[in-house]
Structures are given as C-alpha cells and as structure tokens.
Undergrad: 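Take this structure first; my questions come after.
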6 protein chains.
Amino acid sequence: MVYITRRERFSAAHKLAKSEWSDEKNLEVFGKCSNPNWHGHNYILHVTVKGKPEPSTGFVVDLSALSDVIKEHIIQKVDHKNMNVDVDFMKGLMTSTENIAIAFWNQLVKPVAELGAELHSVKLQETENNYVEYFGE
Amino acid sequence: MVYITRRERFSAAHKLAKSEWSDEKNLEVFGKCSNPNWHGHNYILHVTVKGKPEPSTGFVVDLSALSDVIKEHIIQKVDHKNMNVDVDFMKGLMTSTENIAIAFWNQLVKPVAELGAELHSVKLQETENNYVEYFGE
Amino acid sequence: MVYITRRERFSAAHKLAKSEWSDEKNLEVFGKCSNPNWHGHNYILHVTVKGKPEPSTGFVVDLSALSDVIKEHIIQKVDHKNMNVDVDFMKGLMTSTENIAIAFWNQLVKPVAELGAELHSVKLQETENNYVEYFGE
Amino acid sequence: MVYITRRERFSAAHKLAKSEWSDEKNLEVFGKCSNPNWHGHNYILHVTVKGKPEPSTGFVVDLSALSDVIKEHIIQKVDHKNMNVDVDFMKGLMTSTENIAIAFWNQLVKPVAELGAELHSVKLQETENNYVEYFGE
Amino acid sequence: MVYITRRERFSAAHKLAKSEWSDEKNLEVFGKCSNPNWHGHNYILHVTVKGKPEPSTGFVVDLSALSDVIKEHIIQKVDHKNMNVDVDFMKGLMTSTENIAIAFWNQLVKPVAELGAELHSVKLQETENNYVEYFGE
Amino acid sequence: MVYITRRERFSAAHKLAKSEWSDEKNLEVFGKCSNPNWHGHNYILHVTVKGKPEPSTGFVVDLSALSDVIKEHIIQKVDHKNMNVDVDFMKGLMTSTENIAIAFWNQLVKPVAELGAELHSVKLQETENNYVEYFGE
C-alpha cells in the first residue's frame, strides 16, 4: 500500500457566527472569527489516497486526474468564494476548519473511488499555525 | 546602514469590484476577485526599517517596539476584518495589494520615525504566488 | 474523529553532554552538540488533539484555549531559556529532541483532557532536517 | 515508542515512458513527464525510524549515523543522476514517485536495523504539490 | 513606483558540461553538475515588474495577464524539458542559473512592456540553497 | 551584473546583556533575550555576491567555492557555538542580529574578493519573524 498526496490551494472568506445569536454572544464564543463583515484565508488542502502502484505505470493514481477531481468537486466551488454563503455543500454548517475538512471528505470519497484508489485523508490548513486532518470516521 | 525586517500576519476578507459597475463588468475586469460575497487571504507583511545600530544595544530599533507599532497601526485594524468595509484608512480605495501596501506605508512612516529609525519598505504577500513592495515613492 | 493541530514556536539553548563524562568523551558521543558553552535552536512544536466536533460550534477544541494551554504548560517555561538549566520538567534528563517531546507530552496530556479533547501527538522540530513525534506510548 | 525523522535532498533527472511505446503513446499516458529528453526535480526525502530512546543518550538513533546511512545507500547513488539510467536499484522500474519510494525503503530497511532502530516510513516529495509515503507493506 | 512579483515554477533537466571537453575535464570544472546523463531541478521563478497603480483598478499590472506572459514566453518552453536540448533561447549557452536568468530577462522585457509595466528583476532559484537575480544590466 | 546567493545555516546560543548591568537592568532593556543562562536560534544566512558571468562556465562564482569560503570563515566558527563566548570575531560586541551581520560581512569581504567576485550583501535571519540585511556601508 502506497499513500500519495496532492496539494491544492484556495482563497475564501468566512466567519464563525450563529445567526440566532447576537454579535456580542458570537464575539464571546468565536472571538475575532465572528466579525460580521467576514474575514478570510488562503487555505491549503492536502488530499491523500492509497492503493497499490499499477505495474505498467508505477502509479497508484494518475495525479493529474486526482487534481482534476479535487478541482471539480472542491476548488471551483470554494476558491474566491464565501464559505458560508456561496458553497452548496456547506449550507447550514458552521464553517470551522473541522467541518470543512469533513465536508471535503464527503465530496471526494466517491469520485476518488472512481479513479480506482481509496481516499485516505483530507488535511486542511487554515493558517500557518493550525490545520485539521480527517480520515473518514 | 543596516536594514532590519519584522514579519507580521493577518487574515482578512476583500473583493475587487467597483460599486458603480455591474457584477458582469466587475467579473470581466477583476475576474474571480470580484465575487460579490467576498473572498479572503492570509496576508503576510514584511516591514523593513533602516538605521545605524545603537552602540550600547547593537539595535537599529527595538524589534518588540517595532512589532507593537505595526500591531497598533495596522494589524489590529485589519486582522479578521473586511479590507473594503472595516478599515478606515482604506475607505474609497480599491483593495488591490498595491493599494494596501501604499496605505500601510502611510500608516507606518511617522510612528517608525518616532522609534528613531527610517521606514525603508513595506512588502505585502497576498498568496504564495504574488507579493508587492513599496519604498515610499 | 477529527485531528486538529496547533503550531507554537520557541527559541532555547541546550547541550548534549553528561556531567560525569569528560569534554572529550562527550565530544566523541554527542559531537558538536556537546559544546560546553551551549548552542541553541528555534524549535517548532506541533500539538495534535483529537475528538468529535461539537455540533453548535464545529470545534473539536477551541484553538485559542489550546494555544493558551500550550503556552502556560510549555512555551513560557522554555522560550528564551536553557533547556538543561532553566526547565523544571527536564531536570535530570538528557535534552535530546526525543526526551523533550516525551516531556512535553507529559506536560500536556492532563490539561488537554480538561479542555474536553484527547492529546494525540507531539511533534517537535529541532532543525529543518530533523524532527521527532511521540504518541504517548 | 518515539518516531524520529531525518530529511535529505537530492536533484535528479528522470522521465516516465515505456521504451516499447511510441513517443505519442507515452505522451498520451504520461503527459509532459514523458519528454524524451528528460526533465528533473529537487526531491525531498524524509526517512522516519522508530524505537525507544536509549537512556544514557536520550537517542532513538544517532541522527548523524542515520544521515550517513541515507547518504551511503541512497543520496550518493541518486544525487545529480538520472533516475532511469544511472541508478542500479531502479533498473527496469518506472521512475514514478511511488516506485522510487518503495525502492528507497528496500535500500534502507536493513542498514537502519543495523543501527538498532526500525524503519517506519519513507516520504518522498517530488514537487511542492505532491509526495508519496510508504510504510513497507 | 510599486513593485509587484509573480512566482511561477517549472521542473527541468540540465547539465553543466562543454561538449569539446572530456568527461574528466567537465567533472573537474563542474563537479557533479556535469553528469553526462543529466540531472534536474524544480526551479522557482520570481518576475518583478514596476509601475504606478492605475487609479481605477489599483493595479500596476493585471497579475493574470503577467502570469500568461510568463507562461507563454518561458514556462511552456522549459517546463518538463531539458534546458540544454529543448529550449530554443538557450541554444549555445551554458545552462548555469546565471545564464538562464539573463535569458529569461531577454524573453520577458518586451512582452512585459507591452502590458504597460516595466520589467524590474528576474529571480531564479535552483535549489533551496542558491538563487540568482538579474536586473537587466 | 548578476547577483548570486548562497544560503547556509547554523545553530548557536547567545544572550543580549551587558555584564556591567544587573540582571534586572538587562531584563528591562533586552527583555527575555537577556536570560542569564542563554537561549539560542537556528540562524539562516544568505550571502549575495555580484559580478559578470565568466563566458566559458556561465558562473559569476563557483558556488561550491563560495560555500567553502562561508564555511571556513563563518560556519565552522559559529555552528553549535555560543556567539558571546566562543566566537573570536564577536568579542566585545553585543550579539544582536545587526552586529552579527556586520561582523559576517567583515569576515567575508576579502575572501569573496579573492574568488573574483564582489560581496553584495549579508542577510541573517534569526527567527521566522525577523532578519537583518547589511550591504557594507
């Protein structure tokens, strides 16, 4: 079993706030991440898949096909977007890094399987000081 | 003359769009940066000052004092904010990286002089693939 | 289960040497790391905790609370200190990266549990070419 | 059990192409990686070994000895070489990152054991956007 | 005057050797860079242009147009190529980083002017430990 | 004129404190950098030299010769040392990043000239958030 990882990047706005709470309550719970007018990040996404290298190519998966899958199912939906407003698969969810990583896993698990590999992990870095990893359960 | 640089970071939302233009016209000129619901970045700021090291300390400037000046005059005004909406010194300006760098220079030139050093440059990195430098003229 | 990581940094002096050995013997075993007058590093620490995201916030753990715990129990005790001399929890231990990582785990495991999460790993990078990971057993 | 990692680097040429195929067929399957006149990379290699720290030194393994092993068994055979042509242990293999990582594992597993540690993983980064990990099975 | 930089990357093979010299003489002068079967690098290119921000956009230059220019005149000619064999504008030149940077400048100076900006510098990084800068004279 | 840069690294201990001052006075002026038992850093050094590429090689300077000069005149004197105690050319000087950069320039200017190039700048990075540049006057 070999693990291969593709890195992609996107830039997006978001905020952490509950609409049913006051700004004061949101500030108390979510701190500066609750700014009503949004803030944003350069997110870095690492998608790791696993499998056996195919003998004739030496590939677990064709990395450009994997990149295309990530772009189709994630990047074009989130890059230069607002995670809370513009992204169909985040509707109704807090846009914490944890929740985004889980949502990305759900977006990718099936199309990665269709490439003949198995999704192993999604790692999402929000800033240089924090990142989240999700392994599907 | 020795040049010393302090790096600071902030995360902010913005968009590139003119309110008097339609969404279509903004999209044509500014591309995906014009998304009406905003996007955002982890900006990296490098502030370089110059001067002669003071003999008793070996310092051109006390770096923690320089960091405090950058935080007071810039970071606390832009971090986890919307560059177009929340920042007094960006009012009426397009929030291109070029314009933000110039505005940061104008914010810093006087308080840096009060520290006994001279502002040399402001470098502002918007993504890992682009950055702007401004030297005051 | 989601894994979330907080990165912190500190700068410290140390040496690898046994006081009961001669400088020559220490040099033979520990090489340049045994310099009697110390050397030092910019250490980079990654603390990973795991748990289920809390539905109302989307957080496994409040990252600023995690950062505070790391600062209280580790960073303020080691930053700009001498790992061999100044750090109570390293007393009597060789200050190898391995031993420091284990000691950091022991410092963190209980306060992380009090945040409602579970400590998963401590990763400590000593230089750009080496790092250690410890998972508690 | 503690995990310790040594990073090494090398620069090499390679191509992905099957000699029994036409250039057109190779281009179709391997894309620009099939360029007949080669291309190349700055590869970054992370070798992770595991073990218990030896009480008198605090070391799982002497990192300079581990570095020497990696240099003897890998770096001096691949650095500033052509992975397809110059490297004995890659003969007859496609030089995909997957296959190189597996071959490196096979080169290292015995000499690492002779250092008194156990090889845990080989991570090989080909570009800033992709890397492979292999754990020996 | 504001300076704005676009980063692009490419992977290429090359060698440093004079065809009229023996392998031994090439090895003596160029060391391991003279390997007859080539080696390669992940090159990182920074192109800096300067100008005044255009008031209505805040742009010195449209960065996506600058990226297109760099891709058309450089990246598509060198990426996944052999610098000595495949690149028309390097014919007859030693492929030292110095010479490549000068050749890139010559490729870019006119199309950058056609964008309405002025080429300021070309920075070319060959490995994490060395890079070259050229300012046109 | 082409500028070429070599990066080298070293790890050293130091402190900022005047022996004729009390610990309290040193703490007041130099903050945590005055810790009597030292602290330390992974310093990153960039040495830039300039000249015309020699036509037969394409080199401004042989980078391995430049690396040897930096190692002989700087790295072997400071790596895994105490900057205040062990380094002859820092005797009597505050070990601020500014003063170290100036001292490195003085160490390098003559041996770089003997390589047939001209020293352009010394850049010394103390942490990821600060660095100093010196151009010789």
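Order of the sequence lines fixes the chain letters, A, B, ..., with proteins taken first and strands second; residue numbering starts at 1 for each chain. Everything numeric here is computed off the predicted structure, so don't read it as measured data.
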Undergrad: So what's closer than 4.5 Å to chain F heavy atoms on C/Asp86: side chain, backbone, both or neither?
TA: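 Just its side chain gets close to chain F.
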Undergrad: Look up atom NZ in F/Lys32 and atom CG in C/Asp79, then write down how far apart they are to the nearest 0.5 Å.
TA: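 Those atoms lie 4.0 Å apart.
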Undergrad: Can you tell me if C/Lys91 has over 12 outside heavy atoms packed within less than 6.0 Å of its NZ?
TA: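 Yes.
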Undergrad: What residues of residues 38-46 of chain F sit under 4.5 Å from chain C when you count only heavy atoms?
TA: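 F/Trp38, F/His39, F/Gly40, F/His41, F/Asn42, listed by number.
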Undergrad: Please check if atom NZ in C/Lys18 has more than 12 non-hydrogen atoms from other residues, nucleotides or ligands closer than 6.0 Å.
TA: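 Correct, the count exceeds 12.
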Undergrad: Counting only heavy atoms closer than 4.5 Å, note whether F/Asn84 contacts chain C via side chain, backbone, both or neither.
TA: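 Nothing of F/Asn84, per the 4.5 Å heavy-atom cut-off to chain C.
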Undergrad: Measure from the side-chain N and O atoms of C/Asn37 to the backbone N and O of F/Asn82, and report whether any donor-acceptor pair falls under 3.5 Å.
TA: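 No: the side chain of C/Asn37 does not pair with the backbone of F/Asn82.
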Undergrad: Restricting to non-hydrogen atoms, name the atom on F/Asn35 and the atom on C/Lys81 that form the minimum distance, rounded to 0.1 Å.
TA: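 Closest approach of F/Asn35 to C/Lys81: ND2-CA, 3.4 Å.
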